[in-house]
Enquirer: 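Have a look at the structure that comes next, please.
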Amino acid sequence: MSFIKSIFSKCNGTLITQTIRGPPKILYQVIRWRKPRWVPRAKSKEFYVRRPTPVDPEERVELKIRYDHYRTAVKSVRSYIRKTSLAKAQKEDDHLIREQEEREDWERILLKNKQWNEDIAQARSVSVQHEKVYFPPKWKTQLLNNKFEMIPDVIKLLPVLEQSKGFITLENMDIEIEKLLNSRKDYNFAIDKFGNVQAKESDTSVKRKHKAEDSQHG
Amino acid sequence: MPFMKGRAPIRRTLQYLEKGNMIFKENIRVLTVNYNTGQKASEGAYDFVFWNLAQIQYKNPAVQIVTLKNMTPSPFLQFFFNNGKKIVVDVDCTPREQILDHVKDLFCKTEKVLEEEKLAQMKTSNPANFGWAFPRWCICEVPGQVPCPGWVPLPKHCRMKYQRMAEEENM
């Protein structure tokens with residue numbers, strides 16, 4: 001109990017205890033407290049005179065000299081850092097420099113884009129002659145290209161007609177079946193994102209497996 | 001993956017969006033893409049819109065991006081700037097990669113600028129700073145550090161008072 005009291009007496013708080021029976025039931029209420037400024041000094045502290053800190057005069061002189069050296073060094077380093085960092089920040093923040101940079105960048109963009117647009121316009125002027133890539137109405141192409149006077153559906157069929165040379169008919173069937181049975185398709189390949197086939201692996205994995213099985217049996 | 005609906009749902013994944021490296025300059029406000037559906041000349045522009053526009057919007061949330069379809073004979077991009085000016089980029093019969101390279105070269109922040117910005121941001125958000133205007137008031141809030149003596153008393157060997165008492169006893 002006294003132990004608890006000794007700890008709590010050092011803090012600002014009131015200790016309320018119940019001392020009827022059993023272990024102490026403590027209600028500890030903390031109050032933020034400092035004496036008001038108009039209250040006079042406590043009686044025990046009224047005539048207190050401080051003992052001055054002991055000072056060795058020779059040590060003091062020596063320390064002062066050392067401190068002076070130290071402080072000049074630190075001051076000089078600080079001022080140097082302040083100057084250089086200020087100059088650097090000013091250089092970066094200078095709005096005139098930034099405006100100049102932006103203007104130059106703008107001109108560069110305009111020039112490059114103009115060149116790009118011209119290149120594309122040139123490429124387009126070549127393709128326009130074919131009129132395949134834009135939205136020509138079909139009757140317009142027919143009028144312009146008087147070479148073939150086919151109806152639109154037949155124009156659609158032209159690529160199909162070309163493909164029909166490879167069609168399998170009753171006459172070709174046996175030959176084509178033989179061809180398929182004799183051929184072997186290798187699916188063990190990879191493609192990149194442009195659809196180009198990468199180097200195919202040789203089929204050594206299958207052979208090795210067979211070899212292992214043979215050695216087990218044999 | 002039943003929730004990955006639609007064409008190329010990978011475009012909606014966070015990983016894919018974070019991969020976008022087109023961060024526009026600060027003076028760009030609006031990007032307009034004009035292209036036509038079913039047109040061979042617009043294929044590059046369409047691919048650009050299909051694959052890269054979501055990434056660009058993710059990295060540039062303040063830029064308004066608009067796509068306009070089947071309004072003009074040939075496809076093009078328009079960039080509208082702070083000063084009210086605009087730049088038209090013709091993308092007729094241009095593949096997606098070429099469009100990306102051109103836009104990155106002219107309208108995006110350079111690697112150097114991005115590095116400088118990252119450095120400046122690191123300086124301001126230094127986790128070693130505590131107090132007002134920073135996320136934490138004191139290092140005692142960080143788990144694993146010595147807790148505040150106001151809450152948990154320091155062990156005796158860390159307190160000068162007890163160290164002095166121990167020294168006096170030894171003496």
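Both backbone and side-chain heavy atoms feed into the values below; hydrogens, waters and symmetry mates do not. Order of the sequence lines fixes the chain letters, A, B, ..., with proteins taken first and strands second; residue numbering starts at 1 for each chain.
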Enquirer: Out of curiosity, B:Asn27 CG to A:Glu102 CD, how far, rounded to the nearest 0.5 Å?
Expert: 6.0 Å

Enquirer: Using non-hydrogen atoms and a 4.5 Å limit, figure out which bit of A:Asp105 sits close to chain B: side chain, backbone, both or neither.
Expert: side chain

Enquirer: When you measure from the side chain of B:Asp92 to the backbone of A:Ile120, do you find a donor-acceptor pair of N or O atoms at a distance under 3.5 Å?
Expert: no

Enquirer: Kindly compute the distance separating CG (B:Asp105) from CH2 (A:Trp116), expressed to the nearest 0.5 Å.
Expert: 10.0 Å

Enquirer: A quick test of your reading: do over 12 heavy atoms of other residues, nucleotides or ligands sit less than 6.0 Å from CD of A:Gln122?
Expert: no

Enquirer: A:Leu110 vs B:Lys85, test: side chain to side chain contact (heavy atoms under 4.5 Å, CB included). Steps then yes/no.
Expert: CA-CA 11 Å; A:Leu110 276 180; B:Lys85 295 186 186 162; over 6 Å; no

Enquirer: Is there side-chain contact between A:Asn113 and B:Phe79, with at least one heavy-atom pair below 4.5 Å?
Expert: no

Enquirer: Please round to the nearest 0.5 Å and tell me the distance separating atom CZ of A:Arg108 and atom CG of B:Leu106.
Expert: 6.0 Å

Enquirer: Is it the case that over 12 heavy atoms from other parts of the model lie below 6.0 angstrom from the CG atom of A:Leu86?
Expert: yes

Enquirer: Which bit of B:Gln98 is near chain A, if near means a heavy-atom gap under 4.5 Å: side chain, backbone, both or neither?
Expert: both

Enquirer: Is it true that, when you exclude B:Gln145 itself, more than 12 heavy atoms of the residues, nucleotides or ligands shown sit nearer than 6.0 Å to its CD?
Expert: yes

Enquirer: Within a radius of less than 6.0 Å around CD of B:Glu26, do more than 12 heavy atoms belonging to other residues, nucleotides or ligands occur?
Expert: no

Enquirer: Might you confirm whether atom CD of B:Glu111 has over 12 heavy atoms from other residues, nucleotides or ligands at distances under 6.0 Å?
Expert: no

Enquirer: Inspect the surroundings of CZ in B:Arg29 and state if more than 12 heavy atoms from other residues, nucleotides or ligands are less than 6.0 Å away.
Expert: no

Enquirer: Does atom CD of A:Glu99 have more than 12 heavy-atom neighbours, drawn from other residues, nucleotides or ligands, at distances under 6.0 Å?
Expert: yes

Enquirer: Over 60° means perpendicular and under 30° means parallel, so classify the ring planes of A:Trp106 and B:Phe81, tilted if in between.
Expert: perpendicular

